[in-house]
**Q** 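Okay, handing you the structure first.
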Amino acid sequence: MLRFFIMLFFITNTVAGLSYYIQRTWVKNEKVQNQTLRVQKGSDVMDGEYPYVILIAGITPFKELYRVASGSLITDTWVLTSAHIFSNRGVHANNTLVVWFGKFTESPFITNQYSEVLDIVLHPAFRDMPFISYELFYGINDIALLRVNKINLPVYGKLSPVDHTTLIGLSTIYVGGGETDKLGTDLYRALQVGHGMVIKCGAPVNKWSPYLLCVTPPCPEKKHIPIIGDSGSPFLVDGKIVGTFSVRYFTFTHVSWTAFSPVDLYLDWINEVITPRVY
Ligand SMILES: *[C@@H]1O[C@H](CO)[C@@H](O)[C@H](O)[C@H]1NC(C)=O
Ligand SMILES: *[C@@H]1O[C@H](CO)[C@@H](O)[C@H](O)[C@H]1NC(C)=O
């Protein structure tokens with residue numbers, strides 16, 4: 001029996017290993033399904049609608065740009081995202097990681113709306129492992145902060161202090177701009193937004209981390225097509241960030257889980273990292 005596991009590590013199309021394998025597997029099946037490689041049932045976001053939602057992108061020594069993942073600017077110098085994005089950091093070794101903001105339908109080299117990633121701060125209790133099987137897998141405290149040069153925006157993402165256990169049953173939206181399998185013109189496309197309801201995660205996701213929360217689409221669907229490459233993107237309730245997109249699991253035959261790391265658990269750590277210190 002085939003089971004498809006999606007971990008949204010999104011690096012480049014040339015990466016070997018788990019994320020690559022999973023992406024290939026999914027893309028192959030996705031082509032059969034003839035769906036789009038976007039936020040599921042998502043719609044395009046207008047420029048400036050969620051100005052604090054950014055893309056993490058790589059720039060090669062040949063000045064080629066590629067999308068890596070998503071995140072949220074929570075101050076003018078700090079981005080909140082997911083930690084697993086950097087588990088495979090070596091693939092970017094020769095490249096420069098940047099935060100691309102503002103307009104995604106045009107090259108940031110033209111708009112000049114990008115800023116180099118200066119520091120990557122993973123949560124100290126973040127742990128994951130290379131995927132062997134879904135029974136063995138785990139990925140816990142999947143949260144990270146990136147420091148960038150100052151980015152002036154009209155508004156930054158606001159973190160929700162609400163206890164994550166009280167989010168169950170609430171409607172949420174998620175905004176992301178993950179990598180797709182397409183090259184060329186598809187590099188420049190709008191962010192997408194999707195809607196869902198917060199639920200408890202079931203097996204196997206609840207065994208990978210006790211903290212993750214899941215999101216179910218507004219209408220039950222037999223085939224729930226994953227969003228791809230949106231790792232680190234925000235889940236919002238009442239306009240505030242309640243979590244960052246961590247992991248996606250689905251099978252064609254039954255369940256599918258889209259899981260996020262709830263931010264309320266990490267507020268103290270976030271504040272500690274982003275608060276300027278006087279030495
Ligand atoms: C696949 O999707 C495209 C674009 O939406 C559509 O034009 C085409 O008819 C679809 N093909 C099949 C076999 O459903
Ligand atoms: C980085 O560049 C070096 C020297 O050209 C090369 O050997 C290495 O494979 C490159 N690493 C990656 C991850 O592309």
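Start at 1 and go down the list; that is how both ligands and their atoms are numbered.
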**Q** Strictly less than 4.0 Å: does any protein heavy-atom distance to atom 14 (O) of ligand 2 fall in that range?
**A** yes

**Q** Identify the residue among Ser209, Ser87, Ser246 that makes a side chain to side chain donor-acceptor pair (under 3.5 Å) with Asp128.
**A**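 The residue from Ser209, Ser87, Ser246 that satisfies side chain to side chain donor-acceptor pair (under 3.5 Å) with Asp128 turns out to be Ser87.
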
**Q** Considering only protein heavy atoms, which is closest to atom 10 (C) of ligand 2, and at what distance to one decimal place?
**A**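 That would be Asn94 ND2, 2.4 Å.
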
**Q** Do you see a donor-acceptor pair shorter than 3.5 Å between the side chains of Tyr66 and Asn95?
**A**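 On atom types as modelled, these side chains qualify, holding a pair under 3.5 Å.
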
**Q** Can you find a protein heavy atom closer to atom 7 (O) of ligand 2 than 4.0 Å?
**A**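 No.
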
**Q** Under 4.0 Å from a heavy atom of Gly90: which atoms of ligand 2 are those, numbered in the order shown and with their elements?
**A**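 Atoms satisfying the 4.0 Å criterion: 13 (C).
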
**Q** For residues Thr244 and Ser82, is any side-chain donor paired with an opposing acceptor at under 3.5 Å?
**A** yes

**Q** Does a sphere of radius 6.0 Å around CG in Asp268 hold more than 12 heavy atoms from other residues, nucleotides or ligands, not counting ones at 6.0 Å or beyond?
**A**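 Counting other residues, nucleotides and ligands, CG of Asp268 stays at 12 neighbours or fewer.
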
